[in-house]
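Working notes, structure below.
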There are 2 protein chains.
Amino acid sequence: MTSVEEPARPGERIRDAARTRAEILDVATQEFARAGYDGARVDEIAARTRTTKRMIYYYFGGKEQLFTAVLERAYGVIREAEQQLDVDHLDPVAAIRRLAELTFDHHEQHPDFIRLVSIENIHEAHHIAASEKLGKIGSPALDVIRRILASGQESGLFTADVDAVDLHAMISSFCFFRVSNRHTFGALFGRDLLDRAQRAHYRAMLGDMVIAYLTAERTAD
Amino acid sequence: MTSVEEPARPGERIRDAARTRAEILDVATQEFARAGYDGARVDEIAARTRTTKRMIYYYFGGKEQLFTAVLERAYGVIREAEQQLDVDHLDPVAAIRRLAELTFDHHEQHPDFIRLVSIENIHEAHHIAASEKLGKIGSPALDVIRRILASGQESGLFTADVDAVDLHAMISSFCFFRVSNRHTFGALFGRDLLDRAQRAHYRAMLGDMVIAYLTAERTAD
DNA sequence: TAGCTAACGTACTGGTTCGTACATTAGTGA
DNA sequence: TCACTAATGTACGAACCAGTACGTTAGCTA
């Protein structure tokens, strides 16, 4: 999530709007993810930047809009990752497993994103609603799921009654929970869901779960 | 979650420590769930109570301890529900489905609980760690899962390699996500996971998923 | 090179918010 | 019934914090 890491060489150009903006976004992402929307401090974000609080208001308008901008960029990152996904050459079972693993990996590698989404849910997605970028554009993962499901159902490999959005919710819930609820789950059950030694186990468990669901014969509905 | 609803009859005993304490807890639960830990206002909690802010500090010591007390009671409620569960007379498949449905129902009926847990995760479970009540005591649901799994695996109905805590995580993740991520999911995919018309569908989906996973033959691990 | 504007910094304010010092009263036990 | 303590209320303070008024400068353009 860090797109700015220039070491502030002396003599370098002092004024750089793009860099300043990006640096604010980077630090704001960390601060909002760390402390939540209300817990985050605009002064703290400014202090960890090479610029001042004034610039936050100059570029983003206010704390709310800054958080919205942070969300927009965070969602953009996962959309890009999903767009990279190419599973057209795989059979439906392998393709779904691959897609699930991509979600698994991305969520694990971006805990800040998970925290931001949790925070946004506490605020009932008001910032997403206020954003023009978010909301309109769908998820590339959904398109992929639709294609795989159609192919798998056509060939008779998959049960017919599964909806793409539902399957996306199923995969996301497992991957999301593992990161979002890591701390309470660990405190209550004494197991760290992000333990490196268990990573492969949970990754396989997700794939097994999804494939089992897709290939099982239903009792009733 | 409301344990106090006395209509403040005139002439009633004015001083009632237990009632005052409980009323503060009720209102605090709502306020913390509504706005998050940092978003919640102690003054607002006091204002919605028949007592004053002074009493919050008198009974709980401070905002942190109040939040911890709120968490303790919220977790107590779900533990009680789990203890009511009696599935010993059911076959393993029906028993697991029943357990999953209980979790599904409880999460749906207690969105405030879900929000509190999300908030506590943002704060890395520090309040659970600070609590003496929480942490020590395990979950009744886990004991039930252990018994059902053992029975199902012994009879050969279930795959052998499933762990109770893992299965609990799987069930919880689906039920939790449906409530916790309702708003962002709805905003991004245009589907309300808590839509009443879809309730039976998702409830069956959860059971199908868990049973499919438990009864499927594994490819590899 | 003069001037213009985007980019930036300083210093402050007004409102908010957690927490408490101090005063008071209800109810209980001796 | 008298005193003592648990329970309660009032009023206030000190720190914090989002946002801004005002002033300055870098660097581009004509």
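Without hydrogens or angle criteria, Asp16(A) side chain to Arg19(A) main chain gives a donor-acceptor distance under 3.5 Å.
In this structure Tyr57(B) satisfies the side-chain contact (heavy atoms from CB on, under 4.5 Å) test together with Val42(B), Lys53(B), sequence neighbours excluded. For Ser131(B), the side-chain hydrogen bond (donor to acceptor under 3.5 Å, both in side chains) partners two or more places apart in sequence, or in a different chain, are Glu72(B). Here Arg21(B) pairs with nothing under the side-chain hydrogen bond (donor to acceptor under 3.5 Å, both in side chains) rule; sequence neighbours left out. With sequence neighbours left out, Arg79(A) forms a side-chain hydrogen bond (donor to acceptor under 3.5 Å, both in side chains) with no residue at all. The side-chain contact (heavy atoms from CB on, under 4.5 Å) search around Arg115(A) returns Ala33(A), Asp112(A), His183(A), Ile122(B), Glu124(B), not counting sequence neighbours. When the side-chain contact (heavy atoms from CB on, under 4.5 Å) test is applied to Arg34(A), the partners found at least two apart in sequence or on another chain are Glu31(A). Every residue meeting the ring pair (Phe, Tyr, Trp, His ring centres under 6.0 Å) condition with His168(A), not counting sequence neighbours, appears here in chain and number order: Phe189(B).
Under the salt bridge (charged side-chain N to carboxylate O under 4.0 Å, His left out) criterion, the residue pairs touching residues 170-180 of chain B are Glu108(B)-Arg178(B), with sequence neighbours excluded. Within the structure, no pair that satisfies the salt bridge (charged side-chain N to carboxylate O under 4.0 Å, His left out) test touches residues 60-70 of chain B, not counting sequence neighbours.
DNA chain C is contacted by Thr51(A), Thr52(A), Arg54(A), Met55(A), Tyr58(A), Tyr59(A) of residues 51-60 of chain A, taking any non-hydrogen atom closer than 4.0 Å. Taking every heavy atom of residues 32-47 of chain A and every atom of DNA chain C, no pair lies under 4.0 Å.
Taking atom CG on Leu66(B) and atom P on dC18(C), their separation rounds to 11 Å, with Å as the unit. In this entry the distance linking NZ of Lys63(B) with P of dT16(C) reads 16 Å, nearest Å. The nearest whole Å value for the distance from the CD atom in Glu64(A) to the C1' atom in dG19(D) is 13 Å. Atom pair Gln65(B):CD and dC18(C):P shows a separation of 14 Å (rounding to whole Å applied).
Summary of helix geometry: the two end axes of the helix from dT1(C)-dA30(D) to dA30(C)-dT1(D), each defined by five base pairs via their C1' atoms, are inclined to each other by 10° (rounded to 10°).
OP1 or OP2 of dC8(C) lies within a sub-4.0 Å distance of a side-chain N or O belonging to Thr20(A).
Glu82(B) and Ser139(B) share a donor-acceptor pair across their side chains, judged by distance under 3.5 Å alone.
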